[in-house]
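Protein chains get the first letters and strands the later ones, always in sequence-line order, with residue 1 at the start of each.
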There are 2 protein chains.
Amino acid sequence: MTKPAALTAERILQETEEVLRTHGASRATVMDVARALGVSHGTVYRHFRTKAELREAVTRRWLKNASGALVLIVQEGGESAPDKLRRWLSALFAAKRRKAGEDPQLFATYEGLLGEHSQVVEEHIGELVGQIEEILEQGVARGEFRYPHPDPSISARAVFDATAPFHDPKHAAGWHRSGIETEFSAVLDLVLLGVTVPS
Amino acid sequence: MTKPAALTAERILQETEEVLRTHGASRATVMDVARALGVSHGTVYRHFRTKAELREAVTRRWLKNASGALVLIVQEGGESAPDKLRRWLSALFAAKRRKAGEDPQLFATYEGLLGEHSQVVEEHIGELVGQIEEILEQGVARGEFRYPHPDPSISARAVFDATAPFHDPKHAAGWHRSGIETEFSAVLDLVLLGVTVPS
DNA sequence: CAGATGACAGATTTCAATATCTGTCATCTG
DNA sequence: CAGATGACAGATATTGAAATCTGTCATCTG
């Protein structure tokens with residue numbers, strides 16, 4: 001048996017995720033988590049002041065996991081900016097869709113959680129938009145891109161918004177329709193035409 | 001007193017809308033409608049075979065009302081295609097946002113109904129995409145637009161999808177945030193750059 | 001006889017009683 | 001004494017019995 005390592009916030013988060021997976025968002029209680037950990041619920045409250053805080057921490061963790069790999073694409077060199085933007089957006093869509101597909105129950109659960117923590121979601125969006133802005137900036141520097149709006153961050157946001165049907169969980173129900181690939185690629189083409197300097 | 005005009009399907013739809021407005025989607029029953037009309041519920045079932053059919057008819061009616069004025073913009077002449085597309089998309093956003101704002105209770109109600117009748121929603125989307133396709137076609141004919149995708153209808157769909165945050169009810173919660181106008185106008189610029197022939 | 005009715009069976013919803021949960025804190029334990 | 005506990009007072013969720021609704025159809029009425 002593994003030794004009963006000290007109860008850490010991290011350990012609680014892991015178990016909470018498991019409880020969310022098995023019970024669903026609306027039925028996951030702090031007591032469930034405490035029971036799963038074999039401690040009293042008071043102990044959990046020592047690490048997270050409220051249930052909302054605990055759920056928020058799990059949400060933040062999940063979002064970070066979902067978008068962590070993307071930053072690598074931004075940093076890579078040796079690729080044209082249009083290719084990079086294309087690859088970044090495709091990776092975002094693929095990651096979200098995979099999450100939604102492999103465990104729909106859990107995904108629905110997180111969808112519920114996202115609604116509860118708009119603050120966290122906004123931070124996440126800010127991070128993603130920041131990455132798009134970075135790619136646009138690289139493209140502009142290379143003479144490949146133009147900003148559709150004078151403000152680079154608003155331009156990046158426009159790219160983010162225009163591709164919303166392919167990364168916003170609100171649209172998850174449609175991510176496994178046939179034809180979705182075609183639609184995605186058509187929007188990608190449209191957006192790229194919009195930001196690319198005419199040859 | 002007005003004469004008790006024969007009970008028509010139209011009359012039932014009107015009253016159903018009223019009941020939906022006052023009771024909300026989940027609490028609106030066929031019996032409520034029948035009571036409001038002063039008839040037995042069996043009579044309502046003479047015009048609509050099921051509750052679902054009645055709700056669907058109301059939904060269809062509402063969607064038609066929401067998009068009816070747009071077709072006029074498509075048909076107008078004497079305007080460049082970019083201006084027309086801009087105006088059409090702005091009108092769509094304005095109409096949806098107005099609906100959502102003026103009676104949020106009723107809007108939420110219809111949002112629920114839309115989920116029940118995906119068939120009707122798809123028809124509605126098909127109609128809107130058709131109108132966009134028409135505008136694109138006019139623009140291509142005038143040498144102002146290019147198709148981002150070889151297939152005109154897929155191109156139109158891309159324009160529709162790229163502007164989803166500003167017409168899809170799933171995003172309605174954000175339609176009264178400050179900054180939404182800026183975001184909309186940035187996406188509009190991006191999309192128009194995408195479909196416009198470089199000068 | 002075309003159109004309306006209301007009784008009926010089964011499905012769904014409501015509501016109030018009951019059980020469980022959240023968050024606090026005085027107390028316990030190693 | 002740092003960390004864990006569990007009793008406790010609201011708040012929230014569950015449950016199942018009773019009420020209401022859906023959809024049908026034999027019957028009624030003008």
Side-chain angles (χ1 to χ4, degrees), chain A residues 1-60 105 108-109 111-113 115-117 119-120, chain B residues 1-59 105 108-109 111-113 115-117 120:
Chain A
M1 305 302 162
T2 55
K3 55 178 109 170
L7 186 63
T8 63
E10 176 58 23
R11 183 78 195 80
I12 294 175
L13 288 179
Q14 284 171 12
E15 203 61 47
T16 304
E17 215 162 329
E18 186 54 30
V19 169
L20 284 170
R21 193 189 319 279
T22 54
H23 291 63
S26 57
R27 247 163 272 163
T29 70
V30 173
M31 294 212 108
D32 288 332
V33 175
R35 271 194 292 267
L37 287 165
V39 301
S40 81
H41 74 284
T43 301
V44 173
Y45 277 98
R46 170 165 295 287
H47 295 263
F48 297 92
R49 270 178 313 176
T50 66
K51 182 187 186 185
E53 199 172 278
L54 172 58
R55 288 162 83 94
E56 182 180 314
V58 176
T59 306
R60 183 170 276 119
Q105 153 80 58
T109 295
E111 225 177 314
L113 286 182
E116 291 171 19
H117 308 295
Q119 177 60 43
V120 175
Chain B
M1 305 301 162
T2 55
K3 55 177 111 171
L7 185 63
T8 63
E10 176 58 24
R11 184 76 194 80
I12 293 175
L13 288 180
Q14 285 171 13
E15 203 61 46
T16 303
E17 214 162 332
E18 186 55 30
V19 169
L20 283 170
R21 193 190 318 280
T22 55
H23 291 64
S26 57
R27 248 162 273 162
T29 70
V30 173
M31 293 213 113
D32 287 333
V33 175
R35 270 195 290 269
L37 288 164
V39 300
S40 80
H41 73 285
T43 302
V44 174
Y45 278 96
R46 170 164 294 287
H47 294 264
F48 297 92
R49 270 178 313 177
T50 66
K51 184 188 184 184
E53 199 172 279
L54 172 58
R55 288 162 82 94
E56 182 180 314
V58 175
T59 306
Q105 152 82 56
T109 295
E111 224 177 315
L113 286 181
E116 290 171 19
H117 308 296
V120 174

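- To the nearest angstrom, P of dT24(D) lies 14 Å from NZ of Lys51(B).
- Here dG3(D) presents its P atom at 7 Å from CZ of Arg46(A), a figure rounded to the nearest Å.
- When both pairing distances are held under 3.5 Å, dT13(C) makes a Watson-Crick or G-U pair with dA18(D).
- When the nucleotides dA4(C), dA4(D), dT14(D) are ranked by their closest atom to the side chain of Arg27(A), dT14(D) comes out on top.
- Remark: P of dG23(C) and CD of Glu53(A) are 10 Å apart, rounded to the nearest angstrom.
- Looking at heavy-atom distances under 4.0 Å, Thr50(A) makes contact with sugar-phosphate atoms alone, never a base.
- Between the CZ atom of Phe48(B) and the C1' atom of dT22(D) there is a distance of 16 Å, given to the nearest Å.
- When both distances must be under 3.5 Å, the Watson-Crick or G-U wobble mate of dG30(C) is dC1(D).
- Distances shown here put every side-chain N or O of Ser40(B) at or beyond 4.0 Å from the OP1 or OP2 atom of dG6(C).
- Of the candidate nucleotides dT22(C), dG23(C), dT5(D), dT5(D) has the atom lying nearest to any side-chain atom of Thr43(A).
- Side-chain contact check for Leu113(A) versus Leu20(A): some heavy-atom pair is nearer than 4.5 Å.
- In this structure, the side chains of Asp32(A) and Thr29(A) come closer than 4.5 Å at one or more pairs of heavy atoms.
- Note: CG (Leu37(A)) to C1' (dT5(D)) measures 15 Å, nearest angstrom.
- Judged by distance alone, the side chain of Arg55(B) and the main-chain N or O of Ala25(B) form a donor-acceptor pair under 3.5 Å.
- Taking atom CZ of residue Arg49(A) and atom P of nucleotide dC25(C), one finds them 14 Å apart after rounding to whole Å.
- With hydrogens and angles ignored, a donor-acceptor pair closer than 3.5 Å exists between the side chain of His41(B) and the base of dG23(D).
- The shortest heavy-atom contact between His47(A) and Thr43(A) is CD2-O, 3.4 Å.
- Under the Watson-Crick and G-U wobble criteria, each requiring two contacts below 3.5 Å, nucleotide dT24(C) is paired to dA7(D).
- Note: CG (Asp32(A)) to P (dA13(D)) measures 13 Å, nearest angstrom.
- In this structure, Arg27(B) places its CZ atom where only 12 or fewer heavy-atom neighbours from other residues, nucleotides or ligands lie under 6.0 Å away.
- Residue Tyr45(A) has its side chain nearest to dG23(C) when only dA4(C), dG23(C), dC21(C) are considered.
- Rounded to whole Å, atom P of dT5(D) lies 12 Å from atom CE of Met31(A).
- Residue Arg35(A) places at least one side-chain N or O closer than 4.0 Å to OP1 or OP2 of dC21(C).
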